[in-house]
Chemist: 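This is the structure I have questions about; it appears just below.
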Amino acid sequence: MNWAESKMRERPVYHPGASSVEGMPTSLQMFYNHPATMTMPHWHAQVEVNYIISGTVHYRMNDHAIRLNAGDMCLFWGGQPHQMDDSSDDAIYAGAHLPLVHFFRMHLPETVPSQLMQGRTLVTSATDAADKENFVRWFRYARSGNPSKEAHAVSELLLRIERICFDPYRMVPEKPVGAFEASSIQQSARAVSRMCDFISANFLEDIDSVDIAVSANLHPKYAMSVFKKSTGMTLNNYVTLLRLSYAQAMLLRQEVNVLQVAMESGFGSLSAFNKSFRNIAGMSPSDFRRDVKCRT
């Protein structure tokens, strides 16, 4: 059911793993609907852009909360656990999930990417009627099955996000910009994009930071350094996050046991999977699956 086209009778609820955003962490996906409140925090390995068309929504991020109204747009790193825990009955929003390979090809103010990667949310109210029309059209193009239209939608969306820097915006929570954040990422964005291309195609395989560096024709030490400065993560952290996002979706398939999830999502052992999953979710994979079932 498309909540943008029909009257809501019951408040919808989103369960982690119920859509393809977690299970396809390297795909750029667009959405346009009534925002379903989440039963629990989730995470995914894309930067998320949300444009509120009507109504209000409330987010709980890792270390802050924020309420957005119609006309507001936000941008945040989905790798931090986050939860939309409230939305008004008339709320409609649109947006996209941007893999890092797309994100680091954009020209944004040099401090923005590192601030997002550290858990802050970019918010702007400098939007207009064209945004409402464009987000709906981009969503329609993305679902058209026409590769030319899909590519056009992506290109226009990325340009629109870049235009944020021409108008007032704020970072939430507000903090002084440190030396790490002030370091320019534009010079290294091309190298990061090449690494992300390789990771996107191979994160379920047995790869490490050396493989990633070699694929981008970079010295391993330089590759690890430039990736950390640009994203706030190590290369291994990012690969692990992609695998955990993929595993999160797999856990919701009742016929798949936890060991199979660990192996198919690229972890070499069940113990490594359990440790990594607990670090981000605060619980074991089995407890996560049980918790989601109880909330369903």
Side-chain angles (χ1 to χ4, degrees), residues 1-38 42-55 57 59 68 70-79 82 84 87-106 127-164 193 196-197 200-201 203-204 242 245-246 248-250 252-253:
M1 178 181 294
N2 187 335
W3 291 106
E5 299 175 353
S6 62
K7 186 175 180 180
M8 182 176 61
R9 298 187 179 183
E10 293 184 10
R11 182 175 292 274
V13 174
Y14 176 85
H15 300 287
S19 75
S20 59
V21 62
E22 299 99 343
M24 299 174 63
T26 62
S27 299
L28 191 155
Q29 302 175 59
M30 297 187 186
F31 55 86
Y32 166 56
N33 53 31
H34 176 87
T37 55
M38 297 180 179
H42 79 147
W43 66 91
H44 48 80
Q46 303 103 334
V47 172
E48 185 168 342
V49 54
N50 289 177
Y51 170 61
I52 313 305
I53 295 175
S54 63
V57 299
Y59 302 81
L68 300 182
D72 290 338
M73 187 186 307
C74 73
L75 200 65
F76 62 89
W77 169 230
H82 58 280
M84 181 180 287
S87 62
S88 62
D89 289 347
D90 62 340
I92 300 294
Y93 78 157
H97 298 94
L98 310 175
L100 292 189
V101 68
H102 290 284
F103 180 65
F104 280 101
R105 286 175 177 156
M106 294 191 296
T127 60
D128 53 38
D131 286 311
K132 181 176 180 180
E133 295 179 4
N134 286 333
F135 271 98
V136 174
R137 177 167 51 81
W138 297 332
F139 172 75
R140 189 171 66 249
Y141 277 17
R143 294 170 62 90
S144 68
N146 182 323
S148 295
K149 284 187 174 182
E150 293 172 10
H152 193 78
V154 171
S155 296
E156 284 196 359
L157 170 67
L158 298 182
L159 285 172
R160 174 61 186 96
I161 296 173
E162 288 183 355
R163 185 159 58 86
I164 287 175
S193 293
C196 287
D197 276 331
S200 295
F203 73 94
L204 295 178
L242 287 171
S245 185
Y246 185 83
Q248 182 183 189
M250 284 191 68
L252 275 299
R253 303 175 196 164

Chemist: For the ring pair Trp138 and Tyr141, is the centre-to-centre distance below 6.0 Å?
Modeler: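 Ring centroids of Trp138 and Tyr141 are no less than 6.0 Å from each other.
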Chemist: Less than 6.0 angstrom separating the ring centers of His82 and His44, yes or no?
Modeler: yes
Chemist: Nearest heavy-atom pair of Gln46 and Gln29: which atoms, and what distance?
Modeler: NE2-NE2, 4.3 Å
Chemist: Please name the pair of heavy atoms, one in Ala45 and one in Ser245, separated by the smallest distance, quoted to 0.1 Å.
Modeler: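 Taking every non-hydrogen atom into account, N-OG, 4.0 Å.
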Chemist: Measure the CG-CG distance between Leu242 and Leu204 for me, rounded to the nearest 0.5 Å.
Modeler: 8.5 Å
Chemist: To check you understand the geometry: which heavy-atom pair defines the closest contact between Gly55 and Ser88, and what is its length?
Modeler: CA-OG, 3.3 Å
Chemist: Could you report the tightest heavy-atom contact between His34 and Ser87, atom names first, then the distance?
Modeler: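 Shortest heavy-atom contact: NE2-OG, 3.7 Å.
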Chemist: Nearest 0.5 Å, please: how far is CZ in Arg137 from CE in Met30?
Modeler: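 Going from CE on Met30 over to CZ on Arg137, the span is 10.0 Å.
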Chemist: Side chains of Met106 and Ile161, heavy atoms from C-beta outward: is any pair under 4.5 Å?
Modeler: yes
Chemist: Which distance, rounded to the nearest 0.5 Å, do you find between the CZ of Phe103 and the CG of Leu28?
Modeler: 12.5 Å
Chemist: Could you go step by step and tell me if Arg160 and Asn134 meet the side-chain contact (heavy atoms from CB on, under 4.5 Å) rule?
Modeler: CA-CA 10 Å; Arg160 174 61 186 96; Asn134 286 333; 5.9 Å; no
Chemist: Could you measure the distance from the NE2 atom of His102 to the SG atom of Cys196? Nearest 0.5 Å is fine.
Modeler: 10.5 Å
Chemist: Working to the nearest 0.5 angstrom, can you tell me the gap between Ile53 CD1 and Asp90 CG?
Modeler: 12.0 Å
Chemist: Would you say the side chain of Asp72 lies within less than 4.5 Å of the side chain of Thr127, judging by non-hydrogen atoms?
Modeler: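 Heavy-atom side-chain distance check fails, nothing below 4.5 Å.
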Chemist: Examine Tyr93 together with Phe135 and report whether their ring centres are nearer than 6.0 Å.
Modeler: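 Centroid distance Tyr93-Phe135: not below 6.0 Å, so no.
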Chemist: In a check of side chain to side chain contact (heavy atoms under 4.5 Å, CB included) between Tyr51 and each of Leu68, Val136, Asp131, which one passes?
Modeler: Asp131
Chemist: I need the Lys132 NZ to Ile52 CD1 distance, nearest 0.5 Å.
Modeler: 13.0 Å
Chemist: Given side chains that start at C-beta, do those of Phe31 and Asn50 come closer than 4.5 Å, heavy atoms only?
Modeler: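 Yes, side chains in contact.
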